[in-house]
Amino acid sequence: MQDRIEIMDSTLRDGEQTNGVSFLPHEKLSIAKILLRDVKVDRMEVASARVSDGEKDAVKMICRYAEQLGRLEAIEVLGFVDNGKSIEWIKECGGKVINLLTKGSENHCVHQLSKTPDEHISDIKSNIALAQENGLMVNIYLEDWSNGMKNSPDYVYHLIDSLKDVGIKRFMLPDTLGVLTPNETASYFKKMTDSFPAIHFDFHSHNDYDLAVGNSLAAVLNGASGLHVTVNGLGERCGNAPLASIQAVLHDQCGITTSIDESMLNEVSRVVEGYSGIAIAPNQPIVGENVFTQVAGVHADGDNKHNLYCNALVPERFGRKREYALGKNSGKANIERNLTELGLDLTPEQTKKVTKRITELGDRKALVTQEDLPYIVADVLKHSAPAERVKLKGYMVSLSYGLKPHACVKIDIDGKRYEADSSGDGQYDAFVKALRNIYKIELGRTFPMLENYAVSIPPGGRTDALVQTQITWRMKDGRVLRTRALDADQTEAAIKATIKMLNHIEAEFS
């Protein structure tokens, strides 16, 4: 087992093969900057050669940026055994590394290329020599290597033995169809590293059986020097091994060093989520919405008593924090945790009443957020609700064919009336822009940035169903605030959630 593992991120190449994902050149550059500069991956595979003019523009921009950082050799492009066409394409982009795609199973070699193994090896050597003449460093992929080891191991050994002395930097072994088990991966990798101890082997896993992380771990434990990952596990079919999960497993389970800055993993996941349009599952390890949220009251109670329900995956490692959900399973300990964070000091009897009310709301499937808690406390204790410093006195939103939606807004803040109007790309966008005008022009203050907007309705297709809108806001100091509201109209629900957010920040501003 290696003490340090190279991490090669393939989000911009293999990750872009996710169905429905296509990054624009400036999006590719933004992701590359975060991965190289902030996350600090060792290497990046950023494109396949000869795909499109847009792809060429993206690779050129990324190569220029990497060269400024002194990391041009960290940028890799997938190329093909095509008599030098890929080599020329990469050279024109300013690239220095080609990941040459070769056939790692006899089945692929014979039936896809219609060549004998020796003919294919001859072609590979010609392309490697040409790449080196043009100043490119060469890594090679053995496509379908996993099935090659299952069905034609002599072919695999012959291929590697024929190429091991021609100046290849890395031999990259893919489980192209995601068919391996961890035991098979361990066995095959041990055969590779025992037979060719001087060679640097990477492992490239796919997640068709949900074993990409397990197979990657097995490869590392049996001599792999590098692993291929993608942000959020994007990739062909079921995707690849997720960067965040691989980092956590290597660090916590194996004590292995990588270059990765863990504190940036959540941020890069959110950026890729936004650009790709592929939502992160709430239970996705490390970066999912729910993974650092305790729901059961007994867990919160255990955390209060010597952190009994905590493990090495401390959320602060990844730029996050632990939360305690409010609902029918909360229990007193969850409530107390949230009350403490809000600075609310209740007697045991008052806490019991609040817990009962939250349980009742949970039984009705109502979602309760920490921001709702002061209102629930005030209602339960029969006090007047927290003073609404921001009151919506009136609004009008329009929607017309061929014209931009328009909004007029009238609000009171601490009894003073403010009015503004604005157009926008949608009714809610126009409403928020009008509010931004009030805060920027009238109050001279920063309005929080909208980070996420989610709408849910009960199943059944009823057009009169209540709509729940949850909006995530990013505050000026970096904190995240979530507000929810319910209404039969989606825009009205979003507006209610926005006014809740404004009352929350006005309470802090006082």
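Computed from a predicted model, the values in this text were never measured in an experiment. Sequential numbering from 1 along the given sequence is applied to the chain's residues. Below, each value reflects all heavy atoms present in this structure, side chains not excepted, and no hydrogens, waters or symmetry copies.
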In this structure, CG of L227 is separated from OG1 of T258 (nearest 0.5 Å) by 10.0 Å
How far does CG of L29 sit from CG of L12, to the nearest 0.5 angstrom?
-> 9.5 Å
Which residues pass the side chain to side chain contact (heavy atoms under 4.5 Å, CB included) test with L221, sequence neighbours left out?
-> M1, L217, C254
Roughly how far apart are N503 CG and L392 CG, rounded to 0.5 Å?
-> 10.5 Å
Might you confirm whether atom CG of N19 has over 12 heavy atoms from other residues, nucleotides or ligands at distances under 6.0 Å?
-> no
Residues in side chain to side chain contact (heavy atoms under 4.5 Å, CB included) contact with V51, at least two apart in sequence or another chain | S48, E55
More than 12 foreign heavy atoms under 6.0 Å from OH of Y209: is that the case here?
-> no
Trace of the salt bridge (charged side-chain N to carboxylate O under 4.0 Å, His left out) decision for K28 with E16 = CA-CA 10 Å; K28 280 200 161 191; E16 198 178 27; 3.2 Å; yes
With sequence neighbours excluded, tell me which residues meet side chain to side chain donor-acceptor pair (under 3.5 Å) with T498.
-> Y428
Is the number of heavy atoms from other residues, nucleotides or ligands under 6.0 Å of K440 NZ greater than 12?
-> no
Nearest-0.5 Å distance that lies between atom CG in D14 and atom CG in L78 | 9.0 Å
To the nearest 0.5 Å, tell me how far I256 CD1 sits from Q2 CD.
-> 8.5 Å
Across all chains, not counting sequence neighbours, the side chain to side chain donor-acceptor pair (under 3.5 Å) partners of R436 are none
Is any side-chain N of the basic residue among E506 and R445 closer than 4.0 Å to the acidic one's carboxylate O?
-> yes
If you look only at pairs with a residue in residues 57-74, which of them pass as a side chain to side chain donor-acceptor pair (under 3.5 Å), with sequence neighbours excluded?
-> none
Validation row: P448, I505 side chains within 4.5 angstrom (heavy atoms) = yes
Side chain to side chain, D261 and D38, heavy atoms closer than 4.5 Å | no
Test S269 against every option in I286, V39, V231 by the side-chain contact (heavy atoms from CB on, under 4.5 Å) rule and name the one that passes.
-> V231
When you check the gap from the basic side-chain N to the acidic O, do R43 and D202 get nearer than 4.0 Å?
-> yes
Reported NE2-to-CG distance for the pair H228 and N99, which is rounded to 0.5 angstrom = 7.0 Å
Over 12 non-hydrogen atoms of neighbours within 6.0 angstrom of NZ in K496 = yes
List for me each residue that meets side chain to side chain contact (heavy atoms under 4.5 Å, CB included) alongside A212, sequence neighbours excluded, and say none if there are none.
-> S205, N207, A241
